[in-house]
Amino acid sequence: MDETKGTTGSGTDFIRRQIATDNESGRYGGRVVTRFPPEPNGYLHVGHAMAICLNFGIAEEFGGQCHLRYDDTNPEKESEEFARSMERDIRWLGFDWGEHLYYASDYFERMYECAEVLIEKGLAYVDSQPLEAIREGRGTVTEPGTASPYRDRSVEENLDLFRRMRGGEFEDGAHVLRGKIDLASPNMLLRDPVLYRIRHAHHYRQGDAWCIYPLYDYAHCLEDAFEDVTHSVCTLEFDNNRALYDWVLDNVGFDEPRPHQYEWAGLDLENAVLSKRAIKPLVDAGLVTGWDDPRLATIAAFRRRGVPPEALRLLSDLVGVSKSGARTEEAKLDFAVREVLNATAPRVMAVLDPLKVVVTNYPAGSGEVFDAPYFPHDVPGEGTRSVPFSRELYIERTDFSERPPKGFRRLVPGGEVRLRYAYVIRCDDVVKDADGRVTELRCSYDTASSGGAVSDGRKVKGTVQWVSASHALEAEVRLFEPLLLDSPDLPDGAPEIDITERVNPNSLIVLSGVKIEPSVAGDDPETRYQFERTGYFRRDPVDSVGDRLVFNRIVGLKSTYRDPAATTGAGDEVESDVPPARADRPPSAPPAPSVKPQISDERIAARAADPDLAARFDRYQSQLGLTSEQADLLTGTRAAGDMFEAALTVHDDAVALAGWIVTEVRGLLGDRGLTELPFGGKELGRLAGLVAGGQVSRLAAKDVLARMAEVGGDPAALVERMGLSAVTDEGALGEVIATTLAAWPDKVEEYRAGKKNLLGLFVGEVMKATRGAADPQAVRKLLTQRLDS
RNA sequence: UGCCCCGUGGUGUAACUGGCAACACGUCGGAUUCUGGUUCCGAAGAGUCUAGGUUCGAUCCCUAGCGGGGCAACCA
């Protein structure tokens, strides 16, 4: 299973780690059930593709299952057509939900029953306020909400009203069902969220069976629970919704093990246009040809363009899973596409911008056929095709230069170039039209170079692709550039630029009159080719019909050649001896030293309210020698100070005790309060005493403390039971050190060569070997002695 | 502004219980090459947002701050 982890880094992501943890603890009895839950209201895009790869990928890796579920709870936006397109997209990506295809709308009855449970528990009520009033009553982020006058309706009344809502007695908006949670919650979603609304609308699957519809936060968790989903993965923006997810499940009565929600960042791909909001106006304005326009980032567009599904799966691995919303460079997608295509795409020759070449010493009217392999020697594919050669050919206009820049390796007047798989030719003459534009090259071929091999051993550095003029197929080729121009930085408050104004006029480049070798005529139209030296292409499935050949460029080939003229026009590239200034980081980032003492307002307020705390704060500093920070942290609450005082009764090193409480104990707390710990100040004091007395090392003491935080107990007994008594005997230590160093011979070498921070590694290993019982300072001393001698 | 999430090379992610800052993309060299592709080899590039603290030792624990993002629909 480790092999499937992906290629980014050696670790695994937090979601898979969570699942592994759950499997170990037996939380779900080893079951792993994920789901991909789109609303069928549009087309899927690369972002969805990543979610699909994640959820289905996890299911595959853990031997679980992934459900495809349509979250079709909003009758106004959904359609069967969208649902079918999504299935097609998911299959295309290579995933299969088997029998696990579900519709949220099939659960309406069960959801309704759950709502009655909530009402009966007094946890939901029918609110008859208009929408605006509900909104207002929710308060603002800084002020709590106010209760609806209907909030305290009786269970009976609520039940009656809710049933009549379902019965269709009321108009849209007349009532809603709300959860009764907390109008003052800092999480706005918990301020009595709307669970059901009345909507007399036709649902694409349920027809008119329902006129009340559940809202996302209520419905989604139930859908997961009904399907016994274990790990419900969604994107970051649902983070705040998790509390509500849990509230609904807990109160409806889904006990553990029940589904839990986890959020990850999803994909934000550079230059990708994917949201419905963005695409719709572009389609409407005719600026793109449809939802599958290859410049878009919908899955349909990728498919039409020719991107192989494996590339998207690879991208998913490359991007990884995290909680930091970050942008993926387009180069990463390009890499994934090339990586897949390099290994699979047959090579073929095409000339995008043809320049005629007449081979003057090749007899007119005759010709021959070369047998050319589809794959180069270093790619495992097999097969060949016939490539006809004749007196008149086309080569790429950019493969000839009258005044070649330095480093130019193609045809020049009087120079030689190899026609791939055919002959070496020499340019004898350049024919131009009245405007001085090159119209034809007159060349002669080396008759001894058939197949491209040079007999006399001279070097021909350039090889170019070519197509026989009389045999060539004519095609249209489409190249794609980013669809949108960068939006300029707008001053705050300026209206946003309409997306239709940002369309890059050169986002679609149509090349007509492209010459392609005839072999492609008989190929499967789905074939993805590499046009040698130019890129990866595939026939456009929509427009390449009948005799008409239309190719889309999927992605260009990577190129390390840069035409110097194209960049600066200054001819040879001059190596600048002054490195360009790093423009992205302002050199003088304001350091702004923190003048403010590190004391929180909250604790100051606590002391102002409680004179005892204030007194302690002063005494700790003046009499016990604590820093203001330590004193502050110990006097923000009663509990901290009490623990400290209690500890002081058994051990008198105030500074050390403060350190233990301020950093170590607080670090173990998690969500717990100080008073919820199964040990008190006295135990902590005794532990500190053991450390001070040398009976146990500080490191081992931390393990003891961790155990105390879990189950409590007497420190001395724990030290004994855990076998952590300090090892101070230098002989015993010396032995451990010797074995450690013997186990890391190469690291020892590196250390001696100067990588001094490896000392930490050795110390760590020795500490590990003694299970933290050794005295690290002694270890360090012995280690340096031995290593430096 | 209230709450929540997140800060590690140019980019995306790793770093086990606190102990070698790693991998990939990109960039730049070199070798190979009948594709300026591929493959191979190599290099540069971060000392982990900042400032304090705890520790023998901090990317990791504590504190204060800074920065970025999200939420605040009878959408999902």
Side-chain angles (χ1 to χ4, degrees), chain A residues 6-13 38-39 41 71 73-74 76-77 131 134-135 138 140-143 172-173 176 185-189 191 194 196-199 213 215-216 220 236-241 263 265 318-329 331-332 335 338 342 347 376-379 407 409 418 420-421 451-453 460 462-465 530 532-533 557-561 584 589 591-594 596-600 627 629-630 632-633 659-660 662-664 666-668 698-699 703 706 747 750 755 757-765 767-768 775-777 779-780:
Chain A
T7 52
T8 50
S10 56
T12 186
D13 60 79
E39 182 187 16
N41 69 344
D71 208 355
T73 56
N74 182 355
E76 281 151 337
K77 308 199 297 191
L131 192 154
I134 291 178
R135 224 175 254 172
R138 197 129 35 209
T140 68
V141 289
T142 44
E143 305 152 45
D172 287 5
V176 292
S185 172
N187 181 349
M188 297 292 287
L189 291 171
R191 321 248 263 224
V194 174
Y196 267 94
R197 56 177 176 156
I198 301 173
R199 194 100 324 170
Y213 289 92
L215 265 10
Y216 170 85
H220 199 91
L236 246 29
E237 69 263 28
F238 291 98
D239 186 356
N240 290 314
N241 301 58
E263 310 87 26
L318 255 23
V319 166
V321 178
S322 78
K323 287 184 85 110
S324 41
R327 170 155 289 216
T328 297
E329 288 178 330
K332 192 129 358 197
F335 165 80
R338 291 190 192 114
N342 176 54
R347 320 284 135 130
H377 65 280
D378 50 5
V379 173
R409 291 212 233 138
R418 174 168 23 242
R420 179 140 233 226
Y421 301 125
V460 177
T463 299
V464 302
Q465 81 276 20
Q530 183 192 103
E532 293 215 41
R533 304 210 308 133
L557 245 34
K558 202 173 138 184
S559 172
T560 52
Y561 174 69
D584 41 346
S594 78
K596 199 178 165 189
Q598 299 181 8
I599 289 177
S600 86
T627 65
E629 189 184 324
Q630 287 170 323
D632 171 50
L633 288 165
W660 277 102
V662 165
T663 65
E664 308 300 349
R666 287 180 86 101
L668 288 167
R698 213 197 115 96
L699 184 61
D703 285 346
K747 297 292 177 187
E750 279 179 52
K755 195 170 175 185
N757 63 351
L758 279 172
L759 187 63
L761 170 70
F762 300 130
V763 176
E765 289 302 313
M767 295 304 287
K768 226 177 274 175
D775 170 18
Q777 280 179 79
V779 171
R780 188 166 278 256

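Chain A is the first sequence line, chain B the second, and so forth, proteins listed ahead of strands; every chain is numbered from 1. Note that the structure is predicted; figures quoted are calculated from it, not measured.
- Counting non-hydrogen atoms under 4.0 angstrom, A:Gly462 reaches nothing in the nucleic acid.
- Across all strands shown, A:Tyr216 has heavy atoms under 4.0 Å from base atoms, whether or not it also approaches the sugar-phosphate.
- Distance CD (A:Glu629) to C1' (B:rG52): 6 Å, rounded to an integer number of Å.
- Which of B:rG37, B:rC5, B:rC74 sits closest to the side chain of A:Lys323 comes down to B:rC5.
- For the OP1/OP2 pair of B:rU13 and a distance below 4.0 Å, the side-chain nitrogens and oxygens of A:Ser322 include at least one atom meeting the criterion.
- The CE atom of A:Met767 sits 7.5 Å away from the CG atom of A:Asp775 when rounded to the nearest 0.5 Å.
- As a whole-Å value, the separation of A:Asp13 CG from B:rA24 P is 19 Å.
- When the C1' atom is used for both B:rG9 and B:rA24, the distance is 13 Å, rounded to whole Å.
- Comparing atom distances between the A:Thr663 side chain and each of B:rA24, B:rA76, B:rG53 picks out B:rG53 as nearest.
- An OP1 or OP2 oxygen of B:rU35 is reached within less than 4.0 angstrom by no side-chain nitrogen or oxygen of A:Asn342.
- Distances were taken from every side-chain heavy atom of A:Arg533 (C-beta onward) to each of B:rU35, B:rC62, B:rU1; the shortest belongs to B:rU35.
- Within 4.0 Å of A:Thr140, counting heavy atoms only, lies no atom of the nucleic acid at all.
- Residue-level contact check: A:Leu668 touches neither bases nor backbone, having no heavy atom under 4.0 Å from any strand.
- An OP1 or OP2 oxygen of B:rC61 is reached within less than 4.0 angstrom by no side-chain nitrogen or oxygen of A:Arg666.
- Atom CG in A:Leu761 sits roughly 15 Å away from atom C1' in B:rA22 (whole-Å rounding).
- Considering only side-chain N and O atoms, A:Ser559 lies nowhere under 4.0 angstrom from the phosphate OP1 or OP2 of B:rG37.
- Taking only side-chain atoms of A:Asn240, from C-beta outward, the nucleotide of B:rA72, B:rG70, B:rG36 with the closest atom is B:rG70.
- Contact annotation: A:Arg138 reaches the phosphate of B:rC74 (side-chain N/O to OP1 or OP2, under 4.0 Å).
- Here A:Glu329 lies in heavy-atom contact (under 4.0 Å) with a base.
- Going from atom CD of A:Glu532 over to atom C1' of B:rG36 covers 13 Å, rounded to whole Å.
- A:Thr560 comes within contact range of the sugar-phosphate backbone alone, with a heavy-atom separation under 4.0 Å but no base atom that close.
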Watson-Crick and G-U pairing of RNA chain B written in dot-bracket, each distance under 3.5 angstrom, with | for inter-strand partners: .((((((..((((.....[..)))).(((((.......))))).....(((((..]....))))))))))).....

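- As judged by a 4.0 angstrom heavy-atom cut-off over every strand, A:Arg338 is placed among residues making no nucleic acid contact.
- Here the C1' atom of nucleotide B:rC3 and the CD atom of A:Glu237 are 17 Å apart, to the nearest Å.
- The distance from atom CD of A:Gln630 to atom C1' of B:rU63 is 11 Å, rounded to the nearest whole Å.
- Within the 4.0 Å cut-off from OP1 or OP2 of B:rA76, at least one side-chain nitrogen or oxygen of A:Thr73 is found.
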